[in-house]
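Report on one structure; see the data block that follows.
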Protein chains: 2
Amino acid sequence: MVTMRDVAERANVSIATVSFVINGTKRVAPETRARIEAAIRELGYRRNVVARALASSRTRILALLHPYLEARPIATANQFLMSAAHGARERGYDLVLWPVNDDEQMSHLLAGGLVDGALLMEVQLRDPRVDRLIASGLPFALIGRTEDEDLPFVDMDFTTTIDQAVGHLRSFGHRRIALVTLRMRVSTGNEPGWIMRVKSAYLAAMAAAGEPPTVITVEGTSAGGRKAARRLSADFPQVTGVVVVNEGASAGLVKESRALGRSVPDDLSIISAATTAELGEMIEPSLTVMTAPATELGRLGVNALIDQLEGVPDAPPNILIPCTLVSGQSVGPAPA
Amino acid sequence: MVTMRDVAERANVSIATVSFVINGTKRVAPETRARIEAAIRELGYRRNVVARALASSRTRILALLHPYLEARPIATANQFLMSAAHGARERGYDLVLWPVNDDEQMSHLLAGGLVDGALLMEVQLRDPRVDRLIASGLPFALIGRTEDEDLPFVDMDFTTTIDQAVGHLRSFGHRRIALVTLRMRVSTGNEPGWIMRVKSAYLAAMAAAGEPPTVITVEGTSAGGRKAARRLSADFPQVTGVVVVNEGASAGLVKESRALGRSVPDDLSIISAATTAELGEMIEPSLTVMTAPATELGRLGVNALIDQLEGVPDAPPNILIPCTLVSGQSVGPAPA
DNA sequence: CTGAAAGCGCTTACAG
DNA sequence: CTGAAAGCGCTTACAG
């Protein structure tokens, strides 16, 4: 292994000077710099990240924490990861996906000193991970919001998204519009904050429209989606439009509705929000979707975190971004 | 931050002794150990992972490298990640997903000293990453195989999988059976090794059956799947059975076949291999799938890597695991 | 069974 | 503009 010492010897300087040119932390005479850079090239030197981390007490590694990786489809989560990783790299950081499933693993990660900061996805209304994060003193940013919104976050703009989804259906003449969203098998408060926010936005939109609301929550699986279809058909036959905010259940909902003899979109119009266009295309008929702003959120989230780490003075305020409508074949005129 | 020194002082021992009890690396008198453990508890001490890494030149961090995260659906990749992460943790390691997209990032990762080893997914026949890995001296294990199979790997057993898929279709009376697999936009040799292996296995199976082969390669998207359906319908109308090994294209293939007036499975039977059951359920009709052994491969891969790191003498030989058939509604008797 | 000390490969005041 | 040196928080021969 070639170390900074090797480079220093070859360039006839001290290791401090080598460090200065590598990091650009101090002015170095051009000729000296050139000699050092040549030595680095010739030796193929690469700075040891671990030693640097110990000496500077900064690792420049950021952890992305996502709790539900095994449980549900996560088409958007990968977009988020890649976007955040790119953003991190541009600013000299590595962002890695760190599987963390329990308290012990969380402690290990937080106390180990291996990451400079954390990006939390699927934030819950009352999120014990956030408490730990705060207690540990590790800088973090949230993708999503807790109950109180005084922590640094970026998030989807659910109000705008739901308004647009409902508005889109209403523009096709639909009046009875249901919401199908996610049910978690966790205690109240431990569910992702977006579920509550989606419901609120939906209820507000229906109130504004003067129509009665219908909320159905099911698991984020095809089986969950089928269950939702049966409930809609059996208990709410008047409903002609559905807003789904449940990535994993959308396919099952469409399939089972059709199996029950309800044509999509002739009998039932469906719009799936907070998902990807590619996922919508997998379904028959291709879903009208509202694509999640995963790429934008990834960048914003990681930048918010790094701003914080680097003490950027005018860190931007918390930001909300709505989903984007992509028309498919699952929305049509309300049946007469 | 509470350090080992703090613990040592409180327990009236040297930091060496603290280190010994934390790591269990040396016999320590029971009373001393108890005193130290009490001090650790009382101070809430957690070992600094970075310092440990520098001192021991081991970080106990493993990187999972996956090149195509942005490009294609990766339902199985997450299963793999979670399984490997669990396996790593049981042996005292952390396994993280490290987004690496180019040479520079690869060098950074390999030379930085931050990871003890790497697990490579989507291995190509001639994989430049493998060359770099070898050159860097970093231990690694492959999920998949390069052209020459002399490197440590675990992989799917494509021969058995394809034999079973073809056999399953033939047991329903199908004779003309096509293969739909993945086309990469990369130069030959740089494509994932499994593509070639799947083709070979398929060709061998058809030869054994005495039937002419039909191979169609398309992108791993819904659009790619639709294209495959059109080609099948237009150019190979005699084909009544299809084996798909292209996770992202399976939905499009089914959709477009039906749109072309070909019922699944009445006119066309489809079996999708190397995917997940949940993905199969999203499609109408639910696909008969062969689920990828992602969980097993994750464990085996990470164990092979750790065995190597720890110099386990009888490291198991390379292992191949076939997919598992899960019947859906997409396979039926061949049309008369 | 325990400790003193060197060392892992860097960064960073401090001095010149 | 450059260098000598302390220090980051551990591990690990070595000695006793």
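Worth knowing before you read on, the calculation uses all heavy atoms, side chains too, and leaves out hydrogens, waters and symmetry mates. The chains referred to below are lettered A, B, ... by the order of the sequence lines, with proteins before strands, and numbering in each begins at 1.
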Does B/Ala51 or B/Lys26 map to a spot on DNA chain C nearer the 5' end, using the closest nucleotide for each?
-> B/Lys26

Whichever of A/Ile15 and B/Val13 has its nearest DNA chain C nucleotide further upstream toward 5' = B/Val13

With heavy atoms under 4.0 Å as the rule, sort [X] into base, sugar-phosphate or nothing.
X	answer
B/Ala16	base
A/Arg52	sugar-phosphate
A/Ser56	sugar-phosphate
A/Thr32	sugar-phosphate

Not counting sequence neighbours, which residues clear side-chain hydrogen bond (donor to acceptor under 3.5 Å, both in side chains) with [X]? List them please.
X	result
A/Ser19	A/Asn23
A/Asp102	A/Gln105
A/Glu90	A/Arg299
A/Asp131	none

In residues 42-50 of chain B, which residues come under 4.0 Å of DNA chain C by heavy atom?
-> none

If you look only at pairs with a residue in residues 110-119 of chain A, which of them pass as a side chain to side chain donor-acceptor pair (under 3.5 Å), with sequence neighbours excluded?
-> A/Thr59-A/Asp116

Of the non-hydrogen atoms in B/Thr295 and B/Ser83, which two are nearest, and what is the gap between them?
->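 Looking at all heavy atoms of both residues, the shortest contact is O-OG, 2.5 Å.
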
List for me each residue that meets side-chain contact (heavy atoms from CB on, under 4.5 Å) alongside [X], sequence neighbours excluded, and say none if there are none.
X	value
A/Ser107	A/Arg132, B/Arg46
B/Val49	A/His108, A/Leu114
A/Ala55	none

A/Glu296 side chain near A/Val154 side chain, heavy-atom distance below 4.5 Å =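 Side-chain contact under 4.5 Å: no.
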
If each of B/Met4 and A/Val28 is mapped to the nucleotide of DNA chain D with the nearest heavy atom, which maps nearer the 5' terminus, i.e. the 5' end?
-> A/Val28

Could you list where the contact with chain B starts and ends along DNA chain D, reading 5' to 3', using a 4.0 Å heavy-atom cut-off?
->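 First and last nucleotides in contact are D/dG9 to D/dC14.
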
Any pair with a residue in residues 8-20 of chain B that passes salt bridge (Lys or Arg N to Asp or Glu O under 4.0 Å), sequence neighbours left out, goes on the list, sorted by first then second residue, please.
->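 Residue pairs passing salt bridge (Lys or Arg N to Asp or Glu O under 4.0 Å), neighbours aside: B/Arg10-B/Glu42.
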
Can you give the dot-bracket line for DNA chain C, where a pair is Watson-Crick or G-U wobble with both atom distances under 3.5 Å, crossing pairs use [ ], and | marks a partner on another strand?
-> |||.||||||||.|||

